[in-house]
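Below is one structure, written out as structure tokens, with a few remarks after it.
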Amino acid sequence: MFKLTNTLTGEQEVFEPQDKETVRMYTCGPTVYNFVHIGNFRTFVFQDILRRQLSSKWKLKHVMNITDIDDKIIARSIETGQDIKSYTADYTAAFFEDCDQLRIQKPEIIAPATEHIGEMIDLVNRLLAAGYAYREGDSIYYRISRFPAYGRLSRLDKRELKVGARVEADEYEKEEPRDFVLWKAAKDAREPRWPAPFGEGRPGWHLECSAMAMKYLGDTLDLHCGGIDLLFPHHENEIAQSEAATGRPFVRFWIHGEHLLVDGEKMSKSKGNFYTLRDLLNKGYDALTIRYLLVSVRYRKQLNFTLEGLKEAQAALDRIKEFLFRLRTAKLEPGSNAILAGCLANAREQFEAALDDDLNTSGALGAIFVFISEANVALEHGRLGEADRMEIQEWFKVIDARLGIVPAMEHLVLDDKQAEQIEMLVRQRNEARRNRNFALSDQIRQQLFDRGVVIEDTREGTRWRQK
RNA sequence: GGCGCCGUACCCAAGUGGCUAAGGGAGAGGUCUGCAAAACCUUUAUGCAUCGGUUCGAAUCCGAUCGGCGCCUCCA
């Protein structure tokens, strides 16, 4: 039983795809006007964990949009003199490079807004025909008063605008301030525009998600995810557009990821607490460490991002790496240890149960570390068999498939020539140690360390590995 | 002002009615070692923001208070 917290009800509910076979999921993707920041990636990593979990149980059709037309993009493109298409193409490419680094899997369908203008125009036509939309000036707006369920998702329906809250400059054109734009008439000659029966212009932001989600996934989606800040007004508006057009529920489960904070506050450019993945990589942190940190706190809890936290994540990851290395290089007898096999079965169960429990990634990691301790004890006492090793390694493949946080071991393996050189130095060092020439042995150790090789003397002899 | 989330050890963080309050980091002591590294063992919350209440029993439910954060405006 896989449970998720559904924003619609505010409660955990058991999730099943409506057709029991294929999960239809839509996630709000990036607006490609700049490099995506680490807060955005927290959400994308959470969505990645979700998609991995869903894939382990059902078939999955996951659609993510790319917002490649909006005010900021237009402004930047005019500013830089670069045409919009190449401008957004650059940042889209950068986004997917970053995703690869963070081991974020690609959705089945990636939908750029500008390739779906036709679907959006159709949707506006349906809303106009049904009286849910109206023209004011050269733009088309959504008439919220026609949609009584408005505000149900965000529970903001009865709210009043805060005194002094900013209102849009073109408010006067609307019947009501809360109405939102579906189709914007072009104001500046340099703005991109598309022809439509109701006039040349470009789509409002909310429109693309409704149009593309329904195109690929049908009228009713199983899951729709995004950051908590999209709850209102974006997702509320999507519901209004979609349900007005189809008369059917738009989404069964709304799942929202909480924010990543920096120094206890929301990341924003004006506060200067803004990190991109590239910033952090340049500081020498690796992408896996960043992913680990993002995964280590459950998606619906705010995560305070600090460099200290990154160091702790690095240390935790090292513990996993050390264990896997030790497991891999241990000299083992054939057979299996029944007690350890029991620990493994228990750990696997705990791990699955945690992820099934609303993606409790912290709990899942806890199960891994409990097991590592148990297995380390077994290794220490030589009570771990070849069969156990195989089983454990299999489990770590599962862990990696689910969480994507298992350090790669391949890079620790050197080619024969390099390995031979290192082995030679290790032999020389042991020779020196036998002769109690510790000055020389320490010098060799340092020499190896300088080329990234760490020495460990164990009862079974000297072990070495790449840092 | 309205809506929502949160407050568990030095730091991060599970646990949301009932065994001794997971796990990671950091610190301390020990085993092993020429030293180191890794590993292992022991150790660090009679208490879960505070105060009341419900209950046989609460970190977990209810209320109040204090504190933090977010949303209400583009935003992951």
Side-chain angles (χ1 to χ4, degrees), chain A residues 7 10 12 27-31 33 36-47 70-72 151 154-168 178 205 225-234 236 256-261 264-269 292-293 296-304 306 308-320 322-323 325-326 350 354 357 360-373 375-381 432-434 436-439 441-442 445-446 449 454-459 462-465:
Chain A
T7 312
Q12 271 191 23
T27 59
C28 287
T31 301
Y33 74 100
V36 167
H37 62 62
I38 200 72
N40 296 307
F41 277 121
R42 189 208 180 181
T43 299
F44 296 127
V45 166
F46 132 63
Q47 290 167 356
D70 91 323
D71 290 351
K72 273 183 227 157
S154 56
R155 285 171 253 274
L156 287 173
D157 49 332
K158 294 188 183 83
R159 93 193 185 291
E160 293 188 5
L161 280 173
K162 184 184 172 182
V163 178
R166 205 189 60 167
V167 285
E168 280 182 45
R178 61 179 183 160
W205 173 42
C225 317
I228 187 73
D229 51 350
L230 297 186
L231 177 61
F232 187 90
H234 184 53
E236 202 69 72
H256 290 99
E258 256 297 351
H259 278 139
L260 176 144
L261 308 177
E265 289 188 315
K266 184 174 165 177
M267 182 180 288
S268 75
K269 281 185 174 167
Y292 182 94
L293 179 60
S296 69
V297 177
R298 178 152 32 175
Y299 75 95
R300 58 181 162 80
K301 186 173 174 176
Q302 289 177 340
L303 187 166
N304 190 20
T306 61
E308 180 63 27
L310 268 183
K311 290 194 190 95
E312 292 181 2
Q314 181 62 63
L317 222 35
D318 281 346
R319 183 162 163 82
I320 295 174
E322 294 294 351
F323 167 70
F325 181 74
R326 187 179 184 191
Q350 297 288 318
D357 177 21
N360 184 353
T361 44
S362 311
L365 291 172
I368 296 169
F369 285 110
V370 168
F371 177 75
I372 287 177
S373 284
N376 268 328
V377 174
L379 278 167
E380 186 79 1
H381 297 284
R433 289 173 71 212
R434 265 193 298 281
R436 304 196 67 78
N437 185 353
F438 298 123
S441 85
D442 287 350
R445 179 164 65 195
Q446 185 59 42
F449 186 81
V454 179
I455 294 290
E456 294 173 12
D457 298 320
T458 72
R459 287 203 195 86
T462 298
R463 231 168 41 169
W464 60 269
R465 63 191 165 82

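Note that the structure is predicted; figures quoted are calculated from it, not measured.
- Nucleotide B/C3 holds its P atom 15 Å from the CZ atom of A/Phe232, rounded to whole Å.
- Residue A/Phe449 places its CZ atom among 12 or fewer non-hydrogen atoms of other residues, nucleotides or ligands, all under 6.0 Å distant.
- Remark: the separation of the C1' atoms in B/A22 and B/A13 is 10 Å, to the nearest Å.
- Using a 4.0 Å heavy-atom cutoff across all strands shown, A/Ile455 reaches at least one base atom of the nucleic acid.
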### Query
Could you go step by step and tell me if A/Asn40 and A/Thr43 meet the side chain to side chain contact (heavy atoms under 4.5 Å, CB included) rule?
CA-CA 5 Å; A/Asn40 296 307; A/Thr43 299; 6.0 Å; no
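- Atom name P, nucleotides B/G57 and B/G1: the rounded distance is 38 Å, in whole Å.
- Look at CZ on A/Phe449: it is 11 Å from P on B/A38, rounded to the nearest Å.
- Residue contacts for A/Ser441: at a heavy-atom cut-off of 4.0 Å it reaches a base atom on one of the strands shown.
- At the heavy-atom level, A/Gly10 lies nowhere under 4.0 Å from the strands shown.
- Annotation: salt bridge (charged side-chain N to carboxylate O under 4.0 Å, His left out) contacts of A/Asp457 (sequence neighbours excluded): A/Arg429, A/Arg433.
- Closest to the side chain of A/Val377, from the set B/A76, B/C35, B/C41, is B/C41.
- Residues that satisfy the salt bridge (charged side-chain N to carboxylate O under 4.0 Å, His left out) test with A/Arg436, not counting sequence neighbours, are absent from this structure.
- Under the ring-ring contact (aromatic ring centres under 6.0 Å, His included) criterion, A/Phe369 pairs with no residue at all, not counting sequence neighbours.
- Checked against ring-ring contact (aromatic ring centres under 6.0 Å, His included), A/Tyr292 has no partners two or more places apart in sequence or in another chain.
- One side chain, A/Gln314 or A/Asp318, offers a donor N or O that lies under 3.5 Å from an acceptor on the other.
- Nucleotides B/C5 and B/C41 place their P atoms 41 Å apart, quoted to the nearest Å.
- Under the 30°/60° scheme for interplanar angles, the aromatic rings of A/Phe323 and A/Phe371 are found to stand perpendicular.
- Rounded to whole Å, the C1' atom of B/G15 lies 26 Å from the corresponding atom of B/U65.
- Going from atom CG of A/Asn376 over to atom P of B/C41 covers 9 Å, rounded to whole Å.
- The ring-ring contact (aromatic ring centres under 6.0 Å, His included) check on A/His234 picks up A/Trp205, A/His206, with sequence neighbours excluded.
- Contact annotation: side chain of A/Asn304 to base of B/C69, donor-acceptor pair absent below 3.5 Å.
- Nearest nucleotide to the A/Leu261 side chain, out of B/G15, B/C69, B/A76: B/C69.
- In this structure, A/Leu260 reaches the bases: a heavy-atom distance under 4.0 Å links it to at least one base atom across the strands shown.
- Note: CE (A/Met267) to C1' (B/G70) measures 15 Å, nearest angstrom.
- Note on A/Lys311: every side-chain N or O is 4.0 Å or more away from OP1 and OP2 of B/A26.
- Considering only side-chain N and O atoms, A/Arg298 lies under 4.0 angstrom from the phosphate OP1 or OP2 of B/G15.
- Between A/Arg436 and A/Gln302, the residue anchored closer to the 5' end of RNA chain B is A/Arg436, taking for each the nucleotide with the nearest heavy atom.
- When distances run from any side-chain atom of A/Glu265 to the nucleotides B/G70, B/G34, B/A13, the shortest one goes to B/G70.
- Taking only side-chain atoms of A/Arg433, from C-beta outward, the nucleotide of B/C35, B/A76, B/C40 with the closest atom is B/C35.
- A/Leu303 has its CG atom 14 Å from the C1' atom of B/G70, to the nearest Å.
- As rounded to the nearest Å, B/G24 and B/U60 have P atoms that lie 26 Å from one another.
- B/U44 sits 23 Å from B/A38 when the P atoms are compared, rounded to a whole Å.
- As rounded to the nearest Å, B/A21 and B/G67 have P atoms that lie 31 Å from one another.
- Donor-acceptor pairing under 3.5 Å is lacking for the side chains of A/Thr7 and A/Arg155.
- Set against B/C40, B/A76, B/C3, the side chain of A/Arg155 has B/C3 as its closest nucleotide.
- Qualifying side chain to side chain donor-acceptor pair (under 3.5 Å) partners for A/Glu236, counting only residues two or more places apart in sequence or in other chains: A/Ser154.
- Within 4.0 Å of A/Gly39, counting heavy atoms only, lies at least one base atom of the nucleic acid.
- Distance, A/Lys301 NZ to B/U8 P: 7 Å, rounded to whole Å.
- In RNA chain B, consecutive stretches of 3 or more Watson-Crick or G-U wobble pairs with both distances under 3.5 Å are given as paired ranges: B:1-7 with B:66-72, B:10-12 with B:23-25, B:26-31 with B:39-44, B:49-53 with B:61-65.
- Look at the C1' atom in both B/U20 and B/C3: the space between them is 41 Å, to the nearest Å.
- Of the two residues contacting RNA chain B, namely A/Lys72 and A/Arg326, the nearest-nucleotide position lying further toward the 5' end is that of A/Arg326.
- The listed nucleotides are B/G70, B/A13, B/A39; the one nearest the side chain of A/Val297 is B/A13.
- Judged by atom type and distance alone, A/Arg300 does not reach the base of B/C5 through any side-chain donor-acceptor pair under 3.5 Å.
- Using a 4.0 Å heavy-atom cutoff across all strands shown, A/His37 reaches at least one base atom of the nucleic acid.
- For A/Glu380, the salt bridge (charged side-chain N to carboxylate O under 4.0 Å, His left out) criterion is met by A/Arg326, not counting sequence neighbours.
- In this structure, A/Asn360 reaches the B/G15 phosphate: one of its side-chain N or O atoms is under 4.0 Å from OP1 or OP2.
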Which pairs, protein N/O on one side and nucleotides 17-24 of chain B N/O on the other, fall under 3.5 Å?
{"from": "B/G24", "atom 1": "N2", "to": "A/Glu312", "atom 2": "OE1", "distance (Å)": "2.9"}

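- Whole-Å rounding puts the A/Glu258 CD to B/C6 C1' distance at 9 Å.
- A/Arg42 contributes a side-chain N or O that, together with a main-chain N or O of A/Glu258, makes up a donor-acceptor pair within less than 3.5 Å.
- Distance from the side chain of A/Arg463 is smallest to B/A38 among B/A38, B/A39, B/A76.
- One atom, CD of A/Glu456, and another, P of B/A37, lie 10 Å apart when rounded to the nearest Å.
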